[in-house]
Amino acid sequence: MSSVITRFAPSPSGFLHIGSVRTALINYLFVKKSKKEFKDSKFLLRIEDTDKERSENKYFESIINGLKWLNINWEEEIYIQSKNINLHKNIAEDLLNNKKAFKCICTKEQLDKKREKYVKERKNIKRLCTTCENNIDIQSLKKDYCVRMSIPNNGSIVIDDLVQGKVEVLNSEIDNFIILRRDSTPTYMLSVVVDDNKMGITHIIRGDDHLNNAFKQFHIYNSLNWKIPKFVHIPLMHGNDGSKLSKRHGSMDIIEFKNNGYLANSIVNYLLTLGIYSSKNEIFSIDSIIKDFELSKINKSPSKFDYEKLNFINLNYIKNLNNNDIINLFKNDYNFDATNFDTNLITKALDILKNRSNTLLNLKDNILPFLIAKNLKRNKNDVSEESIILLKKYKDIIDKENEWEKEKIERITKEFTNNENIKFNEIGEPIRLILTGKSKGIPISDILIILGKKETLERINNFFI
RNA sequence: GACCCCUUCGUCUAUCGGUUAGGACACCAGGUUUUCAUCCUGGAAAGACGGGUUCGAUUCCCGUAGGGGUCGCCA
């Protein structure tokens, strides 16, 4: 082995979604592992923006922001593919001069018609332009042509993919695809090869929707006598119903996960459990698995996106966050400055509530009732006459209590239920409702401790007003 | 339709031909002498199907079925 260079090469024609993040992550992880041995290994980012019609700045932003959020850090400056167009054109010119490519004047309509016909006749013919290549007049044209790769009819290409294994495709199955459009702009198929070569990419790690393209690109490399990089085609993620990722199950902007209260580390951890790395303990960081990570161990079958597992992992990470981290995340990412409130109260509340919150949004919702009393959703009709009598008695008892400690509160509450001969919940539910706006939730003693004696009594009194 | 890839509990996965097929999420039951949740213990749950090779197949090979990807002057 030697040093490696990988790249993540999205086109800015859609938001960065969780499927592409997984691809980026594998590229990043592979380099990170290689760096242990070879310091000059690199993970690069290239934006494939040659389709100006579909490229939009907001998608570019989405890619950058998403990767940054997840700490999938690329090196060097961002490569903008469109800046290399002249080089791509020159390479196409070389291929033309060396008879590795040819000029074609077939119109889109003609080809569509042929394609339709072949499908109808169930013929397995991919190569639609069959006449231009050997037509001298066409080949000496100076304008109004597109350029296609010349692909031999015989033989086959075998790609030894690091994940897929050996895959063979007959040359006759490969279209003499276009590398330069009629307007002389390069297509993806050409640009990707030229840029990967220029950037010195050693391992092309991408979704297996590109596996078929690899054979076309193989011909470009060969025609140019360029070294062929290692191909690594990883399976795509699916939605939880087995279909393609849709908005409902995760094809939205990855940053939405942040907006919905997920931690970057949780997302990364979750993705790593999806056919990339497996262990008994499924909570792990990138760094902890680097030494055991192998491209060849990546599963060949696609995996489905599952929120349940993600939630489980996210809860684990939230539990282990310290309170300052949470407060900072609230402030930076959720427009919520907890430092405006009593520090002591915040600390006590977070200590208890972070153990029961799947997402940071959830945690915020859980903590808010403790901080802001006036927004409590509670209605006098929710509490029965009997409960109100009990509440008043209970209030008088805790009013006299000066040792405001969990054990003490538990004890006096227990005594109260014994003396009144009631089940715990007969006082538990109404007191929880009055103090937090919810009839179910954390233990009464915890609520009283978080709020403190003064606030507790105030809230009870306010309810009776 | 053609080509390529895939197929172990509902989901993510482990298994270097010989295992009571293991773990995790979710689910169910019990416990943690208060609800919800956490946590703990236990439970149910899988080799798509059919052939071969082999003393022995989830594992290797072939076929079938099912799923996915690709077939653009998009990337």
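Below, chain A is the first sequence line, B the second, and so on; all start at residue 1. Any value given below was found using the heavy atoms of this structure, including those in side chains, with hydrogens, waters and symmetry copies removed.
Closest to the side chain of A:E173, out of B:rA2, B:rU34, B:rC4, is B:rA2. Of the candidates B:rU35, B:rC12, B:rA75, B:rU35 carries the atom nearest the A:P443 side chain, counting heavy atoms from C-beta on. Of all nucleotides listed (B:rU38, B:rA75, B:rG72), B:rA75 comes nearest to the side chain of A:T187.
For the pair A:N366 CG and B:rU38 P, the computed distance is 13 Å after rounding to whole Å. Rounded to a whole Å, the CZ atom of A:F8 is 12 Å from the C1' atom of B:rA75. Taking atom CZ of residue A:R206 and atom C1' of nucleotide B:rC5, one finds them 15 Å apart after rounding to whole Å. We find that CG of A:L211 is positioned 15 Å from P of B:rC3, with the value rounded to whole Å. Note: CZ (A:F231) to P (B:rG69) measures 21 Å, nearest angstrom. A:K304 has its NZ atom 13 Å from the P atom of B:rG69, to the nearest Å. Distance, A:D209 CG to B:rG68 P: 15 Å, rounded to whole Å. We find that CG of A:D208 is positioned 12 Å from P of B:rU7, with the value rounded to whole Å.
The nucleotide B:rG43 finds its pairing partner in B:rC27, both defining distances of the Watson-Crick or G-U wobble pair being shorter than 3.5 Å. In this entry B:rU8 has no Watson-Crick or G-U wobble partner, no candidate having both defining distances under 3.5 Å. Base pairing analysis places B:rC16 opposite nothing; no Watson-Crick or G-U wobble pair with both distances below 3.5 Å involves it. The partner of B:rA48 is B:rU64, by the rule that a Watson-Crick or G-U pair needs both atom distances under 3.5 Å. Across all strands shown, B:rU70 is found opposite B:rA2 as a Watson-Crick or G-U wobble partner, with both distances under 3.5 Å.
Rounded to whole Å, the P atom of B:rU35 lies 45 Å from the corresponding atom of B:rC49. One C1' atom belongs to B:rG10, the other to B:rA46, and the distance between them is 10 Å to the nearest Å. With both ends at atom P, the span from B:rU20 to B:rC28 equals 31 Å, rounded to whole Å. For B:rC9 and B:rU32, the C1' atoms lie 29 Å apart once the distance is rounded to whole Å. Comparing B:rG18 with B:rC12, their C1' atoms sit 27 Å apart, to the nearest whole Å. Taking atom C1' on both B:rA48 and B:rG66, the two are 8 Å apart, rounded to the nearest angstrom. B:rA21 and B:rA37 are spaced 34 Å apart, taking the C1' atom of each and rounding to whole Å. B:rU58 and B:rG17 have their C1' atoms separated by 10 Å, given to the nearest Å.
Under a cut-off of 6.0 angstrom, the local environment of NZ in A:K52 is crowded, with over 12 non-hydrogen atoms contributed by other residues, nucleotides or ligands.
Look at A:K108 and you'll find a side-chain N or O under 4.0 angstrom from OP1 or OP2 of B:rC73. Note on A:S301: every side-chain N or O is 4.0 Å or more away from OP1 and OP2 of B:rG67.
Using a 4.0 Å heavy-atom cutoff across all strands shown, A:S13 reaches no nucleic acid atom at all. Among the atoms of the strands shown, none is found under 4.0 Å from any heavy atom of A:G428. Within the nucleic acid shown, A:G207 has no heavy atom closer than 4.0 Å to any nucleic acid atom. Heavy atoms of A:N299 sit under 4.0 angstrom from primed sugar atoms or phosphate atoms, though from no base atom. If you check every strand for non-hydrogen atoms under 4.0 Å, A:I178 touches a base. No engagement by A:C129 is indicated, since no non-hydrogen atom pair under 4.0 Å with the nucleic acid exists. A:I442 comes within 4.0 angstrom of a nucleotide base, judged by non-hydrogen atoms across all strands. At a threshold of 4.0 angstrom between heavy atoms, the contacts of A:K300 are confined to the sugar-phosphate backbone, with no base atom among them. A:R432 comes within 4.0 angstrom of a nucleotide base, judged by non-hydrogen atoms across all strands. Across all strands, A:K319 comes closer than 4.0 Å only to sugar-phosphate atoms, never to a base (heavy-atom distances). No engagement by A:E53 is indicated, since no non-hydrogen atom pair under 4.0 Å with the nucleic acid exists. At the heavy-atom level, A:H210 lies under 4.0 Å from base atoms of the strands shown.
Note on A:E168 versus A:K166: no salt bridge recorded, every NZ/NE/NH1/NH2 to OD/OE distance being 4.0 Å or above. A:K393 has no carboxylate O lying under 4.0 Å from a charged side-chain N of A:D396, or vice versa, which leaves the two without a salt bridge. One finds a salt bridge joining A:R46 and A:D196 here, because a Lys/Arg side-chain nitrogen approaches an Asp/Glu carboxylate oxygen to under 4.0 Å. By the 4.0 Å N-to-carboxylate-O rule, A:E407 lies too far from A:R411 to be salt-bridged with it.
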Practice prompt. Would you give a per-nucleotide map of nucleotides 20-28 of chain B, 5' to 3', where B means the base has a protein non-hydrogen atom under 4.0 Å away, S means only the sugar-phosphate does, and - means neither?
Written response: --SBBSS--
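One donor-acceptor pair, N or O on each side, does fall under 3.5 Å between the base of B:rC36 and the side chain of A:R356.
For the pair A:S445 and A:L236, nearest-nucleotide mapping onto RNA chain B gives the more 5' position to A:S445. Nearest-nucleotide positions on RNA chain B for A:N212 and A:S278 put A:S278 closer to the 5' end.
Listed by first and then second residue, the side chain to side chain donor-acceptor pair (under 3.5 Å) pairs that reach into residues 308-318 of chain A are A:Y262-A:N311, A:S266-A:N314, A:N269-A:Y317, A:E282-A:K309, sequence neighbours excluded.
Nearest heavy-atom pair, A:C132 versus A:K103, reported as atom, atom and distance to 0.1 Å: CB-O, 3.4 Å.
Note: A:Y270 and A:F305 meet the aromatic proximity criterion, with ring centroids under 6.0 Å apart.
Checking each of A:N320, A:N323, A:N322 against A:K354 for a side chain to side chain donor-acceptor pair (under 3.5 Å) leaves exactly one that passes, namely A:N323.
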Practice prompt. Would you check, one step at a time, whether the test side chain to side chain contact (heavy atoms under 4.5 Å, CB included) holds for A:T456 with A:W404?
Written response: CA-CA 11 Å; A:T456 299; A:W404 204 257; 3.8 Å; yes
Practice prompt. Determine, step by step, whether A:F231 and A:F215 satisfy the ring pair (Phe, Tyr, Trp, His ring centres under 6.0 Å) criterion, reporting the C-alpha distance in whole Å, the side-chain angles of both residues, the deciding distance to 0.1 Å, and the verdict.
Written response: CA-CA 10 Å; A:F231 288 107; A:F215 294 89; 8.2 Å; no
